[in-house]
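Being a predicted model, the structure only gives us computed values, none of them experimental. First the proteins, then the strands, lettered A, B, ... as listed; each starts at 1.
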2 protein chains.
Amino acid sequence: MQRSSEKPLTRIQKQNISAILEAALEVFSVNGFRGSTLDQIACAAGISKPNLLYYFNSKQAIHVALLSELLDAWLYPLRDMNPNGDAKDELMNYVRRKLDLSRNFPRESRLFANEIVQGAPRIDTFLKGDLKNLVDEKAKVISGWMDKGLIARFDPHHLIFSIWALTQHYADFEAQTSLIMGKDSDKIYDDASIFLEAIFEKILA
Amino acid sequence: MQRSSEKPLTRIQKQNISAILEAALEVFSVNGFRGSTLDQIACAAGISKPNLLYYFNSKQAIHVALLSELLDAWLYPLRDMNPNGDAKDELMNYVRRKLDLSRNFPRESRLFANEIVQGAPRIDTFLKGDLKNLVDEKAKVISGWMDKGLIARFDPHHLIFSIWALTQHYADFEAQTSLIMGKDSDKIYDDASIFLEAIFEKILA
DNA sequence: ATCAATCTTGACTGATTGGTCAACTGTGTT
DNA sequence: AACACAGTTGACCAATCAGTCAAGATTGAT
C-alpha cells in the first residue's frame, strides 16, 4: 500500500492506521527507534506484523509519520505567539502552553527527545529549516519587546531555549522527577506550573 | 575475566579497559544501549569483539560500568554545595559547575539522558536512593536559606530541577541548539553562560 | 630459555529481527 | 449471487548481533 496516494481512506484503513500510530508512539517513546521491534508495535496495535507492513512499508515509515505529526503540534504554540499582543502575557502564555504540552503529550515529547539526543539524524532538515526560521522570527519579535522596555533584556534565542528546557524537562525526565519527589507526575506538574509562573514573572520583570 | 576480583590490574588491562570505556561512551551516547553493537565498540576501541568480552562479560556490564562512573561525577557538584557558604554564591556556583559539566562532558550527559528518557530501567535504585537522599538534604539547606530571606522563596526541589534542566539542555539537545543558532557549540556555551548567570541573578534576588 | 598466566582472535552458534510472499478471508458494489 | 479488490496472515528468508570456544600469540617472572 502506498500511503502517498490521494484516494480517500476506508473505515478500516483509518482505524488501523491510527491504531498503529498510537501503538508505535507508545513503543518508540519508551524504547527508542532501534530498541523497538515491529512485533512489539504490531502486538500493541492488535494486528499481525505483515498486516502492519501492509499499511506502512517499513519501520522507518512509521517513525517518520509519527515525527511529522508531532512536529506540527510542536511548532504551533510558538507560531501562535502574537507580535502585537502584550509582551509579558504572550511569553507567559507560551510557557503555560508548552508545559501543558508536556503534561498532556509526554510520549510525544520523549519521542522528540530521543531523536534529538541521538543527534537528530532524521529531522535535521526540519531543525535548520522550518524550526530555525520560526525561532529566528520570534526571537526578533521578543527582541523588539526588549527594545521597548516591555520585558527585561536577554539573548532572545536563549530565552526560548530556556522555556523549552524547563517545560520539556518534566516530560522527558519524568522518571527522574517522580522518583525523587515520590509523587505521581500529575501533582508534580501542579507544582511545576506554580514554580515556572513565579520564576518567569521575575525573569521578565 | 571477573572484574570483581581484587587483584591489581596489569598495564595491558588498564589500557584496554579504559580504551573500551572511552569507545563505549562514544557509541552508547550516540546510539543508546539497544542501538549500539559490540562490534562498533570493539572497533572503536581497536580490539576484537571476543577480546572486548574478555574484559567485560557482557554488553550490559560495559553499560553498568559506564553509568556508575558517571553517577559519581554527576552528584559531586551538588554534594559539594556548602550549607555554611553564602547562599547566592553557592547556588550560582552550582549553576556554573553544572554548565561546565555539560560543556566538558556532553557525552556523559547524553548517556544519562538516554537512560532517563527511556524510564531509567537500570538506575532507578540510584535515583530513589542516593540521588533522592542528596536532593532532599540539599533542598532543606536551600529552604533554610529562603527562610532567612537570603534568596527568594520557591519550591527548592523545583529550583534544583530547573538548574538541571537549563544546564543539561545544552548538552542533551546540542543537535537542536547548534542547528538553530548556526554556531558551533563552544560559542553557544559562552552565550549560555552569560544568559544563565543573568536569569539566576534575577530569580534568586 | 622456560613456562605458566595473560592476552588475543577467527570461526562459530542460536536467537532476534526487518521484511517478503503466496495464499486466504472479508467487504461492498452491482 | 458474483466479483473485484481491500484486508489479513502463517511461513519463510537474509541479515544482524550477543556471546562461546578452542587454539594460538604475548608477556613477564624465574
Side-chain angles (χ1 to χ4, degrees), chain A residues 1-28 30-67 114 118 121-122, chain B residues 1-28 30-67 114 118 121-122:
Chain A
M1 168 187 265
Q2 310 289 350
R3 291 281 78 254
S4 55
S5 66
E6 304 300 322
K7 297 171 201 160
L9 298 179
T10 68
R11 175 183 55 85
I12 294 177
Q13 282 168 1
K14 280 183 199 164
Q15 187 177 306
N16 280 338
I17 287 174
S18 79
I20 291 169
L21 289 177
E22 159 64 25
L25 175 61
E26 187 68 29
V27 175
F28 279 139
V30 171
N31 305 109
F33 181 75
R34 306 258 329 242
S36 304
T37 72
L38 290 179
D39 286 296
Q40 284 176 297
I41 298 171
C43 177
I47 61 177
S48 68
K49 185 169 63 169
N51 200 19
L52 185 155
L53 286 161
Y54 171 71
Y55 291 99
F56 292 90
N57 296 320
S58 69
K59 187 181 175 184
Q60 268 215 41
I62 307 174
H63 198 239
V64 168
L66 267 182
L67 277 176
N114 254 311
Q118 307 203 351
R122 298 169 220 284
Chain B
M1 167 185 265
Q2 310 290 349
R3 290 282 78 251
S4 55
S5 67
E6 304 299 321
K7 297 170 199 161
L9 299 178
T10 68
R11 175 183 55 86
I12 293 177
Q13 282 167 2
K14 280 183 201 164
Q15 187 178 306
N16 279 340
I17 286 173
S18 78
I20 290 169
L21 289 177
E22 158 65 25
L25 175 61
E26 186 67 30
V27 174
F28 279 138
V30 170
N31 305 108
F33 181 75
R34 308 254 334 239
S36 303
T37 72
L38 291 179
D39 286 295
Q40 284 176 297
I41 298 171
C43 177
I47 62 178
S48 67
K49 184 169 62 169
N51 200 19
L52 183 157
L53 286 162
Y54 171 71
Y55 291 99
F56 291 90
N57 295 320
S58 68
K59 186 181 175 183
Q60 267 215 42
I62 306 175
H63 197 239
V64 168
L66 267 183
L67 277 176
N114 255 312
Q118 307 203 350
R122 299 168 220 283

Heavy atoms of B:N57 and B:L53 approach each other most closely as O-CD2, 3.8 Å
What integer distance in Å separates B:L9:CG from C:dT6:C1'? 13 Å
Using salt bridge (charged side-chain N to carboxylate O under 4.0 Å, His left out) as the criterion, list what pairs up with B:R122, not counting sequence neighbours. B:E115
To the nearest 0.5 Å, what is the distance between OG (A:S58) and NE2 (A:H63)? 11.5 Å
Please state how far atom CG in B:N57 lies from atom P in D:dT20, giving the value in whole angstrom units. 8 Å
B:Q13 side chain near C:dC7 phosphate (N/O to OP1/OP2, under 4.0 Å): yes
For a quick test of your reading: what N or O donor-acceptor pairs under 3.5 Å do the side chains of residues 15-28 of chain A make, sequence neighbours left out?
| residue | atom | partner | partner atom | Å |
| --- | --- | --- | --- | --- |
| A:N16 | ND2 | A:Y55 | OH | 3.0 |
| A:S18 | OG | A:K14 | O | 3.4 |
| A:S18 | OG | A:Q15 | O | 3.2 |
| A:E22 | OE1 | A:R107 | NH2 | 3.2 |
| A:E22 | OE2 | A:R107 | NH1 | 3.0 |
| A:E26 | OE1 | A:R107 | NH1 | 2.6 |

Side-chain atoms of A:Y54 come closest, of C:dT20, D:dT8, D:dC21, to D:dT8
Tell me the interatomic distance from B:N16, atom CG, to C:dT9, atom C1', rounded to whole angstroms. 13 Å
Counting C-beta onward and ignoring hydrogens, is there a side-chain heavy-atom pair between A:N31 and A:T37 closer than 4.5 Å? no
Can you measure A:I47 atom CD1 to C:dT25 atom C1' for me and round it to whole angstrom units? 16 Å
Can you measure A:H63 atom NE2 to C:dG19 atom P for me and round it to whole angstrom units? 13 Å
Can a side chain N or O of A:N51 be found less than 4.0 Å away from OP1 or OP2 on D:dG7? no
Assess the residue pair A:I62 and A:L38 against the criterion (side chain to side chain contact (heavy atoms under 4.5 Å, CB included)); give the C-alpha distance rounded to whole Å, side-chain angles, the decisive distance to 0.1 Å, and a yes or no. CA-CA 10 Å; A:I62 307 174; A:L38 290 179; 4.2 Å; yes
Closest heavy-atom pair, B:A65 versus B:F56, reported as atoms and distance to 0.1 Å, is CB-CE2, 3.9 Å
In this structure, how many angstroms lie between the P atom of D:dG7 and the NZ atom of A:K14, rounded? 12 Å
Taking C-beta and beyond as the side chain, do A:Q118 and A:F33 meet within less than 4.5 Å on heavy atoms? no
Taking only residues at least two apart or on different chains, which pairs with a member in residues 45-56 of chain A satisfy salt bridge (charged side-chain N to carboxylate O under 4.0 Å, His left out)? A:D39-A:K49
Nearest whole angstrom, please: distance from the C1' of D:dT9 to the OH of A:Y55. 12 Å
Report each atom pair, protein N/O against N/O of nucleotides 24-30 of chain D, whose distance is under 3.5 angstrom.
| residue | atom | partner | partner atom | Å |
| --- | --- | --- | --- | --- |
| D:dG28 | OP1 | B:R11 | NH2 | 3.3 |

For nucleotides 16-18 of chain D, print each protein N/O atom paired with a nucleotide N/O atom at under 3.5 Å, atom names and distance only.
| residue | atom | partner | partner atom | Å |
| --- | --- | --- | --- | --- |
| D:dA18 | OP1 | B:S36 | O | 3.1 |
| D:dA18 | OP1 | B:K59 | NZ | 3.1 |
| D:dA18 | OP2 | B:L38 | N | 2.8 |
| D:dA18 | N7 | B:K49 | NZ | 3.0 |

